[in-house]
Every structure is written in structure tokens, then in C-alpha cells.
Amino acid sequence: MKDVRVRFAPSPTGALHIGGVRTALYNFLLARQQGGTMILRIEDTDQNRYVPGAEEYIMDSLAWAGIQIDEGVREGGPFGPYRQSERKEIYSQYAQQLLQSGHAYYAFDTEADLEAMRERQKATGSDQQQYSSATRMTMRNSLTLSAEETRKLIETGHPYVIRFKIPENETVVLHDLIRGEVSVQTAQLDDKVLMKSDGMPTYHLANVVDDYLMKISHVIRGEEWLPSAPLHVLLYKAFGWGKDMPQFAHLPLLLKPDGNGKLSKRDADRMGFPIFPLNWTDPNTKEQSTGYREAGYLPEALINFLAFLGWNPGTEQEIFSMNELIQAFSVERIGKAGAKFDIQKAQWYNQQYLRAKSNTELATHLVDHLKKENITCSQDKAEKICDVMKERITFPQDLWEQGKFFFNAPASFDDGVVSKKWNDDAVKVLTTYRDAVEKLSTFDAAIAKETLEQVTASLQIGTGKILQALRVALSGMGGGPDLMMIMEIIGKEEVVSRLTFALNNLKIKVG
RNA sequence: GGCCCGUUCGUCUAGGGGUUAGGACAUCAGAUUUUCAUUCUGGUAACAGGGGUUCGAUUCCCCUACGGGCUACCA
């Protein structure tokens with residue numbers, strides 16, 4: 001079997017969209033599974049849309065996600081350059097080949113000429129207003145002009161494009177790995193521009209030439225390319241590369257969570273979830289976007305989630321590491337229909353991966369975060385906190401968000417809990433308890449519990465009745481991890497001082 | 001408009017001519033828990049519609065509806 005060589009070919013027109021990450025992922029999975037090569041090709045043939053920094057951003061994003069590139073701008077490789085703007089000469093050379101073999105022609109039409117043609121077509125009631133076999137003989141091109149005229153126009157510097165001459169009355173059949181056979185009549189296709197007047201190729205030419213030269217075996221890309229795939233097939237044939245044509249797989253799109261249509265940045269902003277892998281500041285608008293990384297998503301969770309959007313292994317296993325995905329992946333099991341983007345599922349995955357992490361690893365994260373808050377915390381204490389908190393968090397930052405009380409005494413107390421649970425009995429027990437704790441020489445969760453039980457027993461008040469009051473006094477909140485562990489972690493002195501503060505400041509609410 | 005692609009619980013999906021149509025997320029209920037969360041148990045919930053083919057269709061075919069993509073000297 002032919003060596004598997006796949007490519008992810010984004011254009012650097014902005015941050016990498018999450019859908020692009022999935023496309024890259026599927027390419028990567030196939031490459032790794034088959035012992036093939038993953039190529040990153042930068043498709044920067046549109047000079048107007050070039051956004052500085054986008055290229056770096058794309059590479060950094062893929063690296064973060066764990067999608068490794070074997071050949072590309074950074075990595076180099078035997079088929080470079082991997083930036084299309086640096087391959088300009090190659091494309092014009094191949095365009096010449098098409099010109100000579102009669103598969104392409106020069107066109108000198110102006111914007112106004114094209115517009116007039118479309119109007120004429122519209123007036124005849126035609127379904128399509130295209131530059132095609134139906135209209136090309138009415139236009140200003142090397143098909144209608146003499147060789148002499150054509151040569152003169154080019155020599156005198158008239159702007160021109162090179163168009164592909166779509167063959168007439170053919171049926172193009174392409175075999176898509178996901179969709180099966182797709183066939184299109186060439187009469188539906190237009191004479192696409194291959195080389196633009198600025199000397200750059202269009203996507204269609206560049207993509208076919210590069211895929212051929214780079215020996216790409218599988219083209220795995222978004223469904224938006226399906227309509228132009230027949231044109232690409234025709235191009236391969238025109239070049240005489242029919243036998244070396246890659247296999248195609250057109251991926252279903254990622255749809256917005258509500259309603260219909262493809263997932264856009266607007267939807268993500270509106271619903272409050274990231275659309276880009278990493279933080280991104282648009283250099284033109286200065287608009288800032290939070291990335292998945294910064295929002296607290298773990299790359300392995302994002303990857304697992306993305307992999308399952310449009311693909312599944314056919315088993316009931318939900319959690320897959322990258323290596324497991326590589327093992328299990330198959331293009332044939334990719335679905336055909338678009339998948340709505342469900343951020344809740346992504347959060348669930350994140351939770352699963354987060355809780356699978358060791359306390360040591362989580363603690364390191366916590367300690368790092370605490371530095372930003374100017375709080376010092378031993379690794380040992382941080383590990384204890386992570387141990388009691390990890391079952392209740394979705395994002396790493398929740399460790400701090402939900403566990404602030406481990407470091408800062410509560411400044412305010414949950415009203416609902418106070419009004420319900422802060423009563424005479426509670427005050428009585430907590431006062432006695434505070435005094436008892438103060439006298440203790442050693443203190444840990446077990447001792448804290450034993451002492452509390454002794455106090456409630458002596459006062460003949462059920463322990464359960466006052467636990468919520470104790471919790472709110474210590475943490476300010478009505479919920480949280482095991483109270484005895486909280487006391488052990490914050491320590492005896494802190495327990496005493498927090499109780500004293502609460503006892504002095506909380507009023508019993510009557511009624 | 002034209003062309004192409006698609007359609008199983010709210011969502012991601014498995015399945016496939018005869019199944020109690022399976023799982024996961026979400027949701028609801030119960031249990032556990034000192035609270036919240038977790039965990040456990042259970043529940044609600046789907047084959048877009050109409051025609052065929054067939055003994056039988058959700059599964060195969062056609063049509064319709066709906067949805068999406070494309071329709072640039074953008075990718």
C-alpha cells in the first residue's frame with residue numbers, strides 16, 4: 001500500500017477555528033495509525049487576507065493540542081517549501097503546462113466584463129451565470145482572441161488570469177471515503193480561475209499541485225470543499241495524474257449548538273464558550289478572545305471531545321487517550337451529518353480528565369495560581385486541598401475559585417445558610433467547641449470530629465443540627481468538601497479565629 | 001434560484017429487513033453523604049413525512065419536507 005501522507009492546510013487569515021483543530025486531528029490520527037506522515041501546509045495565496053501572527057498561532061495551537069507535525073514550515077522536510085507563497089514559481093510552471101495542453105486559457109476580462117456577462121445570462125433566464133462552456137466564447141480570452149492578440153496583450157502588461165477549461169458533457173465521479181460516490185455533470189462547473197492576476201494561484205490549482213508534489217495519499221478536509229472536489233479531479237486528470245490522485249474524505253461540519261448553521265465565533269461568544277484553542281488578539285480589531293487553554297480545558301479532554309464529534313469507535317468506551325484514538329480511528333466510521341457543538345459534553349470530558357490527574361500535578365497548578373494571588377502554600381498543603389477538591393471541579397481554576405476559603409477567612413457568609421442554621425444551639429455549641437479546640441495540643445480531622453462529638457454530646461444537641469452552622473462559620477459557604485478535612489487543612493489556629501469572628505459578627509435571625 | 005451533501009432520544013451517536021431500537025451528555029426521581037458536589041440505582045425521551053419493494057421496513061428504492069454547504073481573481 002502507498003505510504004500514507006496527509007496534510008492539514010489552513011490559511012493564515014486569523015486564529016485557528018475549533019473545527020480546524022478537528023480536521024487536523026483526523027488527519028493526524030490517520031497518519032499515526034498508518035505509520036504515515038502529517039504535513040502542515042500554509043495556504044497563504046490570498047495576500048489580502050493575510051493576518052500577521054496567524055501562522056504562528058496555528059502552529060502553537062496544534063502543538064498545544066498534541067497534534068504533532070512531521071513536515072511543515074517549522075519542521076522542514078523533503079517536499080518544501082511548505083508555505084504556498086514561496087511556491088509561486090511552481091504553480092505558474094504547472095499553469096503553463098495546462099495552457100500548452102489546451103486545458104487552460106488566458107482571460108483578460110475586467111470586473112465590468114464579468115458583471116455584464118452575468119447580467120446577460122440572467123436576462124436569458126439561465127440557471128447559472130458562470131464563466132463556462134456556455135459563455136467563454138463570448139468573453140475576452142485566448143480562446144476568442146488570436147494568438148497574436150493574446151501575445152500582445154500579455155506583453156503590454158494587460159492584467160490576465162488563467163482559467164481552467166472545463167470539459168464539456170462529462171460526468172465526474174469521485175469516490176469519497178465518507179460519502180461514497182458523488183457525481184457531477186461538468187456542465188454545472190465553471191471555468192475556475194487557476195492563476196490570479198497578481199501571479200498567485202487560487203486554492204484549486206495550488207492544492208492540486210501541492211498534493212501531487214507532496215505525494216499526499218488522503219485529502220481529509222471540511223465538507224465545504226465537496227462542491228469543488230470534482231474540479232480537483234478534473235485538474236488531476238488534465239495534468240495526467242489521474243492514477244496518483246489522493247483519496248478524498250469530506251468531513252461533516254461542526255454546527256452551532258442551538259438552531260442551525262455552522263458553528264461561528266459569534267455563536268461561541270453569544271453562548272460563552274471559546275472557539276479558538278489559545279488566547280487570540282485580532283491584530284486589526286484588537287478584539288481579544290479567550291482560548292480553550294486559558295479557559296481551563298485540558299488538551300487531552302478537548303481532543304477526546306472533538307474526536308467524538310462526527311466519529312465514534314462503535315464501542316461503548318467514551319474516554320480515549322490520543323494513543324487509544326490512534327488505535328481505534330477509522331475514516332469509514334466518520335459520520336455524514338453535521339454535528340452540533342455541545343459544550344456541556346466538553347465540560348464533562350474535562351471533568352473526567354481533571355479528576356484522573358494526580359494530586360501532585362493538580363497541586364503544582366494550584367501553587368502556581370496562588371503565586372499570582374500572592375499567597376504562599378506548601379506543596380503538601382496544596383496536595384491535601386486538591387485531594388478533597390478534585391471530585392467537585394470542572395476546571396483547574398475551580399480549585400482556587402471554589403477553594404478560596406482554604407486561604408482566606410470568609411469576609412461574608414451565605415445568607416441562606418445563616419438564616420436557617422445560625423441559631424441558639426449553634427452558637428452554644430460553636431462557642432464551646434471553639435474553646436475546646438483552643439486547648440487541643442494536636443489537631444487533625446479525626447480529633448476535630450471527636451472533639452465536636454464530645455461537645456454536642458455534653459450539650460445534648462445533635463451534631464447534625466449544627467454542622468451547617470460550623471461550615472458557614474469556617475468557609476462562608478453552604479457547601480463544600482468534608483468539614484473535618486477543611487479544619488485539618490486550615491489548622492487549629494485558623495479554626496479558632498474564624499469561629500471567634502463568626503461568633504462575634506453573625507446575628508441570629510429571628511423568624 | 002441552481003448544484004451537491006445530509007436527516008435515529010434535547011445533544012453526540014450505536015444499530016440495521018423481524019431488536020424491549022443500545023450507550024454517553026443533559027434532564028428528572030430515589031439511595032448514599034454532616035452540606036454541596038461526587039458516586040450508585042432507576043425514569044422520561046428518537047428512527048422527519050408520504051409512497052413503493054417485501055410475509056415484514058426504522059433499516060433498501062423513490063418523492064416531499066426540512067437542514068446544511070457551494071455558487072469570488074477567499075480559502
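Labels below follow one simple rule: chain letters A, B, ... track the order of the sequence lines, proteins then strands, and each chain is numbered from 1.
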Could you measure between the two C1' atoms, the one in B/G56 and the one in B/G18, and give it in whole Å?
7 Å
With sequence neighbours left out, the residues meeting ring-ring contact (aromatic ring centres under 6.0 Å, His included) with A/Trp225 are A/Tyr203
If you look only at distance, which donor and acceptor atoms sit under 3.5 Å apart when one is on a side chain in residues 460-469 of chain A and the other is two or more places apart or in another chain?
from: A/Thr463; atom 1: OG1; to: A/Thr456; atom 2: OG1; distance (Å): 2.9
from: A/Gln468; atom 1: NE2; to: A/Gly478; atom 2: O; distance (Å): 3.2

Expressed as a whole number of angstroms, how long is the span from A/Asp127:CG to B/C4:P?
12 Å
Whole-Å gap separating C1' (B/U11) and CD (A/Glu318):
13 Å
Taking atom P in both B/A14 and B/U8, what distance in whole Å separates the two?
10 Å
When the C1' atoms of B/G17 and B/C61 are compared, how many Å lie between them, rounded to an integer?
13 Å
In residues 454-467 of chain A, what residues come within less than 4.0 Å of RNA chain B, judged by heavy atoms?
A/Leu467
Among B/G2, B/C5, B/A26, find the nucleotide with the atom closest to the side chain of A/Gln188.
B/G2
Nucleotide nearest A/Glu316 (side chain, heavy atoms from C-beta), chosen from B/G23, B/G6, B/U35:
B/G23
Results of ring-ring contact (aromatic ring centres under 6.0 Å, His included) for A/Tyr26 - residues two or more places apart only:
A/Phe329
Contacts satisfying salt bridge (charged side-chain N to carboxylate O under 4.0 Å, His left out) that involve residues 394-408 of chain A (not counting sequence neighbours) are A/Glu401-A/Lys404
Write down the distance between NZ (A/Lys340) and P (B/U8), rounded to a whole number of angstrom.
10 Å
Give a yes or no on whether the backbone of A/Ile220 and the side-chain of A/His218 come within a donor-acceptor separation of less than 3.5 Å.
no
Under 4.0 angstrom, heavy atoms only, what part of the nucleic acid is A/Arg179 near: base, sugar-phosphate, or nothing?
sugar-phosphate
Is B/U32 paired to anything, Watson-Crick or G-U wobble with both distances less than 3.5 Å, and if yes, which nucleotide?
none
Treat primed atoms plus P, OP1 and OP2 as sugar-phosphate and everything else as base, then score nucleotides 68-75 of chain B 5' to 3': B for base contact with protein heavy atoms under 4.0 Å, S for sugar-phosphate contact only, - for none.
SBS--BBB
Please write out the pairs of protein N or O atoms and N or O atoms of nucleotides 37-40 of chain B separated by less than 3.5 Å, giving the distance to one decimal.
from: B/A37; atom 1: N3; to: A/Arg392; atom 2: NH1; distance (Å): 3.3
from: B/U38; atom 1: O3'; to: A/Arg355; atom 2: NH1; distance (Å): 3.3
from: B/U38; atom 1: O2'; to: A/Glu391; atom 2: OE1; distance (Å): 2.8
from: B/U39; atom 1: OP1; to: A/Arg355; atom 2: NH1; distance (Å): 3.3

Protein-nucleotide distance (A/Ile334, atom CD1; B/C5, atom C1'), rounded to Å
15 Å
Base-pairing assignment for B/C3 (Watson-Crick or G-U wobble, both under 3.5 Å)
B/G69
Report the distance from atom CE of A/Met487 to atom P of B/U35, rounded to the nearest whole Å.
15 Å
Can you name the side chain to side chain donor-acceptor pair (under 3.5 Å) partners of A/Gln128, sequence neighbours left out?
A/Gln130
Let me know the distance between CZ of A/Phe273 and P of B/C25, rounded to the nearest Å.
20 Å
Would you say B/G15 has OP1 or OP2 under 4.0 Å from some side-chain N or O of A/Arg333?
yes
For A/Leu474, does its backbone N or O pair with a side-chain atom of A/Arg498 as donor and acceptor, under 3.5 Å?
yes
In Watson-Crick or G-U wobble terms, both distances under 3.5 Å, what is the partner of B/A24?
B/U11
Provide the distance between the two C1' atoms, one in B/A46 and one in B/U38, to the nearest whole Å.
30 Å
B/U13 and B/U58, which share atom name C1', separated by this distance in whole Å
16 Å
Using atom C1' of each nucleotide, how far apart are B/U64 and B/A37 to the nearest Å?
50 Å
Got a sec, which residues hit ring-ring contact (aromatic ring centres under 6.0 Å, His included) with A/Phe341, two or more places apart in sequence or on another chain?
A/Phe273, A/Phe305
Compute whether any side-chain donor of one residue and acceptor of the other, for A/Tyr91 and A/Asp210, lie under 3.5 angstrom apart.
yes
Mind checking A/Gly335 for me? I need base, sugar-phosphate or nothing, with any heavy atom below 4.0 Å counting as a touch.
nothing
Are any side-chain N or O atoms of A/His103 and backbone N or O atoms of A/Leu234, one a donor and one an acceptor, separated by less than 3.5 Å?
no
Taken in chain and number order and not counting sequence neighbours, the residues that satisfy salt bridge (charged side-chain N to carboxylate O under 4.0 Å, His left out) with A/Glu300 are A/Lys357
RNA chain B: 5'-proximal contact among A/Gln468 and A/Lys336 (nearest heavy atom)
A/Lys336
Counting just side-chain N and O atoms, does A/Asn312 come under 4.0 Å of either OP1 or OP2 of B/A14?
yes
How would you list, by chain and number, every residue that makes a ring-ring contact (aromatic ring centres under 6.0 Å, His included) with A/Tyr57, sequence neighbours excluded?
A/Trp280
A/Lys345 (side chain) and B/A24 (base): donor-acceptor pair under 3.5 Å
yes
With sequence neighbours excluded, give me every salt bridge (charged side-chain N to carboxylate O under 4.0 Å, His left out) pair touching residues 187-197 of chain A.
A/Arg136-A/Asp191, A/Asp190-A/Lys192
Parallel, tilted or perpendicular, as decided by the 30° and 60° cut-offs, for the rings of A/Tyr349 and A/Tyr353:
tilted
Distance between P atoms of B/G49 and B/A65 (Å, rounded):
16 Å
Taking B/A75 as the reference, what is the distance to B/C12 when you measure between their P atoms (whole Å, please)?
32 Å
Report the residue (A/Glu181 or A/Pro257) whose heavy-atom-nearest nucleotide on RNA chain B is the more 5′ of the two.
A/Glu181
What is the distance from CD of A/Gln317 to C1' of B/C12, rounded to the nearest Å?
16 Å
